[in-house]
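Structure first, then comments.
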There are 2 protein chains.
Amino acid sequence: MPADRAPTRIQRKNRAAILEAALDVFSSHGFRGSTVDQIAKAAGLSKPNLLYYFPSKEAIFNELMAGLLDTWLDPLRALNPDGEPLEEILAYVQRKLQMSRDFPRESRLYANEIVQGAPRLHDVIASDLYVLVEEKAQLLQGWMDAGRINRAHPKHLLFSIWSLTQHYADFDAQVRTLMGDEDPFDAAPKYLETLYRRMLTPES
Amino acid sequence: MPADRAPTRIQRKNRAAILEAALDVFSSHGFRGSTVDQIAKAAGLSKPNLLYYFPSKEAIFNELMAGLLDTWLDPLRALNPDGEPLEEILAYVQRKLQMSRDFPRESRLYANEIVQGAPRLHDVIASDLYVLVEEKAQLLQGWMDAGRINRAHPKHLLFSIWSLTQHYADFDAQVRTLMGDEDPFDAAPKYLETLYRRMLTPES
DNA sequence: CTTTGATTTGACCAACTGGTCAAACTCACG
DNA sequence: CGTGAGTTTGACCAGTTGGTCAAATCAAAG
């Protein structure tokens, strides 16, 4: 194990390679479906060498998750109370959609965990995410009460945004097969903009 | 292995118990994350006894999947070309939502597979489901061309219905944690009806 | 070049996994 | 009750898995 001095050049490179490889492997096979050997090989290391940098398979996974969650929630945090409501929400949707296109492995890693009951994530969902959702749900509710967007259950509104955007990453295999030659991300931005614009634009 | 005579009473009972147990285990741990022993114990059998009824772990999984896919696609098949378009679509949404509430394990089993790249399902998606989606996408397109519902990319419309409804089963762990005491399925039907009604009702 | 700490690896281990098999047990039926 | 087919199981096996360890190799500072 490296001492807790400042990391050497080799340590930085190898730890990064391991996390990158682990993201690939974990996101496509889930935690139990992935083997340390797979990750090591994908990172270009031997298994004992990998375990020289991380104490266990679970430690790799946890570090990956910790790093992921922050960036994952950033778009929601960025929802600006002082902005124009409809445009804020539409921008949030597009940001989330872009993340599905640019970081599909992260999305699938998260999905894998939640589908299996969030055994390793329950705590952070019940604390950090819960608080954030409460806050943003109240913001949405305020906008609705002020008549600036159409009424809808604010939490379900958030769920629907997550669901619709992450679907393109999580169900990528299905979506691409059914779309044939057409790239799903060509029409998706416009489809989702239309959907939320029609749903949320205040009625006259 | 039982001969291919008519199944005995014991065979029927045990095979059913195995499939029920397998649905539980596979849907919460994925294929690779599940062990034959787990399934056997959940079915109240010993491992060799379970393997007396099914030749392998994969055989159990395949039988489960085959049984699932048919019922899974039935609601979409039921989309009636001769019905009132908006009501047909809304009814489809509600049917799918009910399936998420009543058969969440089936939904998660399916999600697990697709998230991991649909290795065992690619063929049936590329054939049966592809054909069905093409047919129903054309039906939707026809309704739009006739001005009976608002325009939107028909395939993305289908994806959004799947995504929004299955989310309540697949991300159940997250949704329930964030909703607190409130049952997600209380407000979900109305939320989704509102969403699709606003989006699809033809503009004057 | 030497030394010292960082890095890498082959060999190994115990636990677990999917699956087999012969022997034992149970049950329906004559 | 006996008998043969249907059912169940303990013991076992080979392959895989996460993880360890001592020994070997490498890199950089003196």
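We name chains A, B, ... by the order of the sequence lines, and we start the count at 1 in each one. Scope of the values below: all heavy atoms of this structure, side chains included, with no hydrogens, waters or symmetry mates.
Atom NZ in Lys41(B) sits about 13 Å away from atom P in dT9(D), given to the nearest Å. Across the protein-nucleic acid pair, Phe61(A) atom CZ and dG19(D) atom P stand 14 Å apart, rounded to whole Å. In this structure, Asp37(A) places its CG atom 16 Å from P of dG15(D), rounding to the nearest Å. Summarising the geometry, the separation between CD1 on Ile10(B) and C1' on dA28(C) is reported as 10 Å, rounded to the nearest angstrom. Computed from coordinates, the Leu50(A) CG to dT9(C) P distance equals 11 Å when rounded to whole Å. Rounded to whole angstrom, the span from the NZ atom of Lys13(B) across to the P atom of dC27(C) amounts to 10 Å. Regarding Arg12(B), its CZ atom lies at a distance of 15 Å from the P atom of dG6(D), rounded to whole Å. When the C1' atom of dC21(D) is taken as reference, atom OH of Tyr52(A) falls 14 Å away, rounded to whole Å.
Taking the side chain of Thr8(B) as heavy atoms from C-beta on, and the options dT8(C), dG6(D), dT17(D), the nearest nucleotide is dG6(D). For Lys57(A), the listed nucleotide lying nearest its side chain is dG18(D); candidates were dT8(D), dG18(D), dG18(C). Closest contact between the side chain of Gln11(A) and the listed nucleotides dA6(C), dT17(C), dG10(C) involves dA6(C). Here the nucleotide nearest the side chain of Tyr53(B), chosen from dT17(D), dG19(D), dT7(D), is dT7(D). In this structure, of dT7(C), dA11(D), dT17(D), it is dA11(D) that holds the atom nearest to the side chain of Pro48(B).
Comment: Arg108(B) does not engage Glu113(B) in a salt bridge, judged by the lack of any side-chain N to carboxylate O separation of less than 4.0 angstrom. A salt bridge is absent between Arg15(A) and Glu20(A); no separation between the charged side-chain nitrogens and carboxylate oxygens falls under 4.0 Å. Look at Arg101(B) and Asp172(B) and you find no salt bridge, because none of the NZ, NE, NH1 or NH2 atoms lies under 4.0 Å from a carboxylate O.
For dA6(C), neither phosphate oxygen OP1 nor OP2 lies less than 4.0 angstrom from any side-chain nitrogen or oxygen of Asn14(A). Residue Ser46(B) places none of its side-chain N or O atoms closer than 4.0 Å to OP1 or OP2 of dG10(D). Not one side-chain nitrogen or oxygen of Asn49(B) sits closer than 4.0 Å to the OP1 or OP2 atom of dT7(D). In terms of phosphate contacts, Arg9(B) brings no side-chain nitrogen or oxygen within less than 4.0 Å of OP1 or OP2 of dC27(C).
Side-chain N/O atoms of Lys47(A) and base N/O atoms of dG18(D) include a donor-acceptor pair closer than 3.5 Å.
Classified by interplanar angle (parallel below 30°, tilted 30° to 60°, perpendicular above 60°), the ring pair Phe26(B)/Phe61(B) is perpendicular. Ring orientation note: the planes of His156(A) and Tyr168(B) are tilted relative to one another, at an angle of 30° to 60°.
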